[in-house]
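Please read the structure below before turning to the comments.
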Amino acid sequence: METIWLTGAEWLAVLRIGLGLWWLESWRHKDKKAWFERGTGIAWAADVASKHRWAAVKAGFEKVVQTRPKVMAYVVVYAELALGLGLISGFLTPVALVGGLLLNLLYLVLMIHDWAEQGQNAMMALISLVALFAMSWQSWSLDNALGLF
């Protein structure tokens, strides 16, 4: 593949790193004190889930998330951090891409009525798919340096 300036593998690395920066920004802008001490993030998501048009989403949220809100707050916040760092450094990239794709799909389903959230999560999911199937860890990654994948 011929491109201007960078190779195809390097452009895929740029895409992967950009997605990692997006996840890192998602982590950075969260008020961690509010999420962990006051449970604001899970409470907000519970409100969204309670009004969801699909009963399965509401029931699943109540069964999985609301029964352990503190744990789930940590899972969400630190998953976003881990995804960001993993994608930026290119460490365990396929795992991070699949994990991010699943998290984006969960967010997409939960926020089905919010067009702005749908757009962001759809774009992040699409980038994850492209980065995964194009093996974006072939350049500028710890995976490549360590001979992983």
Side-chain angles (χ1 to χ4, degrees), residues 9-52 54-149:
E10 290 169 339
W11 278 116
L12 288 167
V14 169
L15 188 67
R16 181 198 79 229
I17 292 166
L19 180 61
L21 290 169
W22 202 342
W23 277 115
L24 208 55
E25 174 56 21
S26 183
W27 170 81
R28 187 202 62 79
H29 85 265
K30 281 186 174 46
D31 181 348
K32 278 78 159 178
K33 187 173 183 172
W35 269 71
F36 300 145
E37 293 177 14
R38 296 191 308 274
T40 57
I42 300 302
W44 169 79
D47 182 55
V48 171
S50 72
K51 300 172 188 163
H52 205 281
W54 297 343
V57 171
K58 180 180 176 183
F61 191 90
E62 288 171 352
K63 186 173 216 147
V64 176
V65 179
Q66 279 189 303
T67 56
R68 49 188 78 75
K70 204 157 204 51
V71 170
M72 294 309 291
Y74 279 94
V75 167
V76 168
V77 170
Y78 287 109
E80 291 179 354
L81 174 63
L83 290 168
L85 294 176
L87 292 171
I88 291 166
S89 67
F91 184 63
L92 300 177
T93 309
V95 175
L97 289 167
V98 169
L101 176 63
L102 292 174
L103 196 54
N104 281 128
L105 292 176
L106 283 170
Y107 291 168
L108 185 69
V109 168
L110 180 62
M111 299 301 299
I112 197 119
H113 67 283
D114 186 332
W115 288 102
E117 284 290 327
Q118 277 189 321
Q120 172 179 313
N121 287 295
M123 289 306 302
M124 290 175 81
L126 178 61
I127 293 168
S128 293
L129 282 173
V130 169
L132 180 64
F133 289 116
M135 300 189 310
S136 65
W137 53 90
Q138 294 179 62
S139 188
W140 302 342
S141 73
L142 290 174
D143 291 338
N144 188 43
L146 298 171
L148 302 174
F149 309 106

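Just so we're clear, the structure is a prediction, and the values are computed from it rather than from any experiment. The residues of the chain are indexed from 1 along the displayed sequence.
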Taking all atoms of both residues into account, what is the closest heavy-atom pair of Ala9 and Ser139, and its distance?
O-CB, 3.6 Å
Pairwise distance CD1(Ile17) to CG(Leu12) - rounded to 0.5 angstrom
11.0 Å
Distance in Å, Met111 CE paired with His52 NE2, rounded so as to fall on 0.5 Å steps:
8.5 Å
Any chance you could measure Lys63, atom NZ, to Arg68, atom CZ, to the nearest 0.5 Å?
10.0 Å
Short side-chain to backbone donor-acceptor contact, Asn144 and Trp137, under 3.5 Å
no
Under the side chain to side chain contact (heavy atoms under 4.5 Å, CB included) rule, what do Met124 and Leu103 come out as? Steps first, then yes or no, please.
CA-CA 10 Å; Met124 290 175 81; Leu103 196 54; over 6 Å; no
Phe149 and Met135: CA distance, side-chain angles, deciding distance, side chain to side chain contact (heavy atoms under 4.5 Å, CB included) verdict
CA-CA 9 Å; Phe149 309 106; Met135 300 189 310; over 6 Å; no
If you round to the nearest 0.5 Å, how far is NZ of Lys33 from CZ of Arg38?
7.5 Å
Applying side chain to side chain contact (heavy atoms under 4.5 Å, CB included), run through Trp23 and Asn104 and close with a yes or a no.
CA-CA 10 Å; Trp23 277 115; Asn104 281 128; 3.2 Å; yes
Please report the closest heavy-atom contact between Ala73 and Trp35, naming both atoms and the distance.
CB-O, 3.7 Å
Step-by-step side chain to side chain contact (heavy atoms under 4.5 Å, CB included) determination, Val48 to His113
CA-CA 9 Å; Val48 171; His113 67 283; 3.7 Å; yes
If every non-hydrogen atom of Leu108 is compared with every non-hydrogen atom of Ala122, which pair is closest and at what distance?
CD1-N, 4.2 Å
Let me have the donor-acceptor pairs involving side chains of residues 75-102, under 3.5 Å, with sequence neighbours excluded, atom names and distances please.
unit_1: Glu80; atom_1: OE1; unit_2: Ser26; atom_2: OG; d: 3.0
unit_1: Glu80; atom_1: OE1; unit_2: Lys30; atom_2: NZ; d: 2.8
unit_1: Glu80; atom_1: OE2; unit_2: Ser26; atom_2: OG; d: 3.4
unit_1: Glu80; atom_1: OE2; unit_2: Lys30; atom_2: NZ; d: 3.3
unit_1: Glu80; atom_1: OE2; unit_2: Tyr107; atom_2: OH; d: 2.7
unit_1: Ser89; atom_1: OG; unit_2: Leu85; atom_2: O; d: 2.8
unit_1: Ser89; atom_1: OG; unit_2: Phe91; atom_2: N; d: 3.4
unit_1: Thr93; atom_1: OG1; unit_2: Gly90; atom_2: O; d: 3.1
unit_1: Thr93; atom_1: OG1; unit_2: Asp143; atom_2: OD2; d: 2.6

First locate atom CG of Asp47, then atom CZ of Phe61, and finally report the distance between them rounded to the nearest 0.5 Å.
10.0 Å
All heavy atoms of Ala46 vs all of Gln66, minimum pair found to be CB-NE2, 3.2 Å
Work out which heavy atom in Ser141 is nearest to a heavy atom in Arg16; give both atom names and the distance.
CB-NH1, 3.8 Å
Between atom CD of Glu37 and atom CG of Asp31, what is the distance when rounded to the nearest 0.5 Å?
9.0 Å
